[in-house]
Enquirer: 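Quick one: structure below, then a few questions.
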Amino acid sequence: MKKTKLVVGNWKMNGLLDDSKQRISQTLSFIKKHKKEMLDNVDVIICPPATLLSTVHEMTSKHLLFLGGQDCHTNMAGAFTGDISAEMLKEHGCSSVIVGHSERRFYHNESDELIAKKGEAVHKAGMTAIICVGETAKERAAGLAKKVVKAQIMNSMPNDTLYADNTVIAYEPIWAIGSGQTATQANIEEMHNFIREVLEKKYPALAETQILYGGSVQGTNAAQIFKYQNVGGVLVGGASLKPPEFCKIIEAALKA
Ligand code: 13P
């Protein structure tokens, strides 16, 4: 597993200019203070709504705080009203893009095939794709969690993944997202070890890539989560909107 731990904050559809600037400057002051320890050890990526990218980029471009998009279109340009392309995100300072988040899969009916194409667009634009997978509570109860996650990985991987290592997997069990119900150590380790096996077998280029956990990660449980096997980082929703909480998570990554 790569040494660098990843802490990714997904703001989802939250943030207006003023509160976002405050949020970023609070997070930045922590990051500036810990600059030396962070180098080579922890990468922090914030994925704000697209409307905030240029402002956040201006504030963060000289610091160890990276930017990511929350989604992108499969095409680089064209008649796709309301959509945003990977190149546009790149131009606004993004180095990675989340694709296939369960909220996109659910509210926008995104299929594995579409997500694979989005991942390809992210790679084509020169960025890292953060591909999200995860089962519903119902699927887990039916004993299908691994089967569902394996199928999502196999079908939503960009087609250049066989030789490119710019893909990260985020395991986010849907029942743990925004519910305050974090997955247990057993749940997380079992799935992360399983995902690692799948990657090693099917995508050797990704054998070492970080596998992120997402779902009710907080300042209080992050240190514990980082100790689990094959957890290379976290994808944080709600807590990424609260700088003191988010900084505790970064601190946990620094100590991991
Ligand atoms: P929460 O951290 O709010 O559970 O959200 C997780 C998530 O969906 C991050 O992408």
Side-chain angles (χ1 to χ4, degrees), residues 2 4-17 19-21 23-25 27-28 31 38-39 42-78 80 82-105 108 110 114-132 156-158 160-161 164-170 172 206 209-210 212 214 232-237 240-241 243 246 249-250 253:
K2 282 183 186 157
T4 319
K5 293 268 187 265
L6 278 183
V7 177
V8 186
N10 174 12
W11 285 9
K12 309 192 179 184
M13 198 177 73
N14 294 292
L16 297 175
L17 267 182
D19 55 293
S20 303
K21 280 188 198 164
R23 207 174 276 146
I24 291 294
S25 58
T27 306
L28 266 183
I31 285 179
M38 287 189 54
L39 280 170
V42 177
D43 279 346
V44 181
I45 304 171
I46 297 267
C47 305
T51 48
L52 294 167
L53 283 173
S54 60
T55 305
V56 177
H57 182 47
E58 227 167 83
M59 295 177 75
T60 57
S61 61
K62 293 191 179 70
H63 304 287
L64 288 175
L65 183 51
F66 301 98
L67 269 187
Q70 295 181 10
D71 177 50
C72 68
H73 197 270
T74 54
N75 282 58
M76 290 303 176
F80 304 104
D83 277 310
I84 188 153
S85 78
E87 270 179 354
M88 293 168 178
L89 294 170
K90 168 90 175 173
E91 189 178 61
H92 279 75
C94 292
S95 53
S96 58
V97 184
I98 298 170
V99 290
H101 191 283
S102 58
E103 286 147 18
R104 299 289 316 174
R105 290 178 186 264
H108 297 266
E110 292 195 358
L114 179 76
I115 292 157
K117 290 205 178 103
K118 289 186 174 198
E120 278 160 45
V122 173
H123 288 171
K124 228 184 256 170
M127 297 181 286
T128 296
I130 302 172
I131 311 240
C132 301
S156 47
M157 219 49 131
D160 59 355
T161 309
D165 69 350
N166 46 355
T167 299
V168 167
I169 302 289
E172 297 204 303
L206 297 185
T209 200
Q210 289 101 336
L212 314 183
V234 287
L235 179 50
V236 186
S240 71
L241 295 163
F246 193 56
I249 297 171
I250 304 171

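One-based numbering along the sequence shown.
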Enquirer: Can you tell if the side chain of V236 reaches within under 4.5 Å of the side chain of I249, non-hydrogen atoms only?
Expert: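 SC-SC contact between V236 and I249 confirmed.
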Enquirer: Quick check: does any side chain N or O of Q210 sit under 3.5 Å from a backbone N or O of V168, one acting as donor and the other as acceptor?
Expert: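 Side chain of Q210 to backbone of V168, a donor-acceptor pair under 3.5 Å: no, none is there.
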Enquirer: What closest approach, in Å, do S95 and F66 show between heavy atoms, and which atom pair accounts for it?
Expert: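 Minimum heavy-atom separation between S95 and F66: OG-CB, 3.9 Å.
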Enquirer: State whether the side chain of Q70 and the backbone N or O of K12 hold a donor-acceptor pair below 3.5 Å, judged by distance alone.
Expert: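 Here the side-chain-to-backbone pair exists.
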Enquirer: Could you measure the distance from the CE atom of M88 to the CG atom of D83? Nearest 0.5 Å is fine.
Expert: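 Rounded to the nearest 0.5 Å, the CE-CG separation comes to 9.5 Å.
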Enquirer: Closest approach of L53 and G68, non-hydrogen atoms and distance?
Expert: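 In terms of heavy atoms, the two residues are closest at CD2-O, 4.1 Å.
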Enquirer: Are the side chains of V97 and V99 in contact, using a 4.5 Å heavy-atom criterion?
Expert: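 Yes, side chains in contact.
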Enquirer: For a quick test of reading the model, state the closest non-hydrogen atom pair linking W11 to P48 and the distance between them.
Expert: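 Between these two residues, the closest heavy atoms are CE3-CB, 3.6 Å.
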Enquirer: So T167 and H123, do their side chains get closer than 4.5 Å, heavy atoms only?
Expert: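 Yes, their side chains come closer than 4.5 Å.
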Enquirer: Consider side-chain hydrogen bond (donor to acceptor under 3.5 Å, both in side chains). Of K118, R105, H101, which one does E110 pass it with?
Expert: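 With E110 as partner, K118, R105, H101 yield a single side-chain hydrogen bond (donor to acceptor under 3.5 Å, both in side chains), made by K118.
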Enquirer: To the closest 0.5 Å, what do you measure between NE2 (H73) and CD (E87)?
Expert: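 Answer for the NE2-CD pair, H73 versus E87, is 13.5 Å.
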Enquirer: Of the non-hydrogen atoms in S20 and L52, which two are nearest, and what is the gap between them?
Expert: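 Answer, listing the atom of S20 first, then L52: OG-CD1, 3.2 Å.
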Enquirer: Could you check whether any side-chain heavy atom of H108 comes within less than 4.5 Å of a side-chain heavy atom of D71, counting everything from C-beta outward?
Expert: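 A side-chain contact under 4.5 Å is absent here.
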Enquirer: Any non-hydrogen side-chain atom of L64 less than 4.5 Å from a side-chain atom of L39?
Expert: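 Side chain of L64 against side chain of L39, heavy atoms only: contact under 4.5 Å found.
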Enquirer: Atom CG in L65, atom CD1 in I250: separation rounded to 0.5 Å?
Expert: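 It is 7.5 Å, given to the nearest 0.5 Å.
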Enquirer: Can you find a pair of side-chain heavy atoms, one from H57 and one from H92, that are under 4.5 Å apart?
Expert: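 Sidechains of H92 and H57: no contact.
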Enquirer: Measure the CG-NZ distance between N75 and K124 for me, rounded to the nearest 0.5 Å.
Expert: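 Here the interatomic distance stands at 8.5 Å.
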Enquirer: Roughly how far, to the nearest 0.5 Å, is the OG1 atom of T209 from the NZ atom of K2?
Expert: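 Reported to 0.5 Å precision, the distance equals 4.5 Å.
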Enquirer: Whether the side chain of S85 engages the backbone of M76 through a donor-acceptor N/O pair (distance < 3.5 Å, no angle test) should be reported.
Expert: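 Side chain of S85 to backbone of M76: a pair is present.
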Enquirer: Nearest heavy-atom pair of A121 and A86: which atoms, and what distance?
Expert: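 Here A121 and A86 meet closest at O-CB, 3.5 Å.
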Enquirer: Is there a side-chain contact between L235 and I98 (heavy atoms, below 4.5 Å)?
Expert: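 Of all side-chain heavy-atom pairs linking I98 with L235, at least one is under 4.5 Å.
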Enquirer: Quick one: CD1 on I46 to SG on C94, what's the gap to the nearest 0.5 Å?
Expert: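 Result: 11.5 Å between the selected atoms.
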Enquirer: Flag yes if more than 12 heavy atoms outside K117 fall under 6.0 Å of its NZ atom; otherwise flag no.
Expert: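 No.
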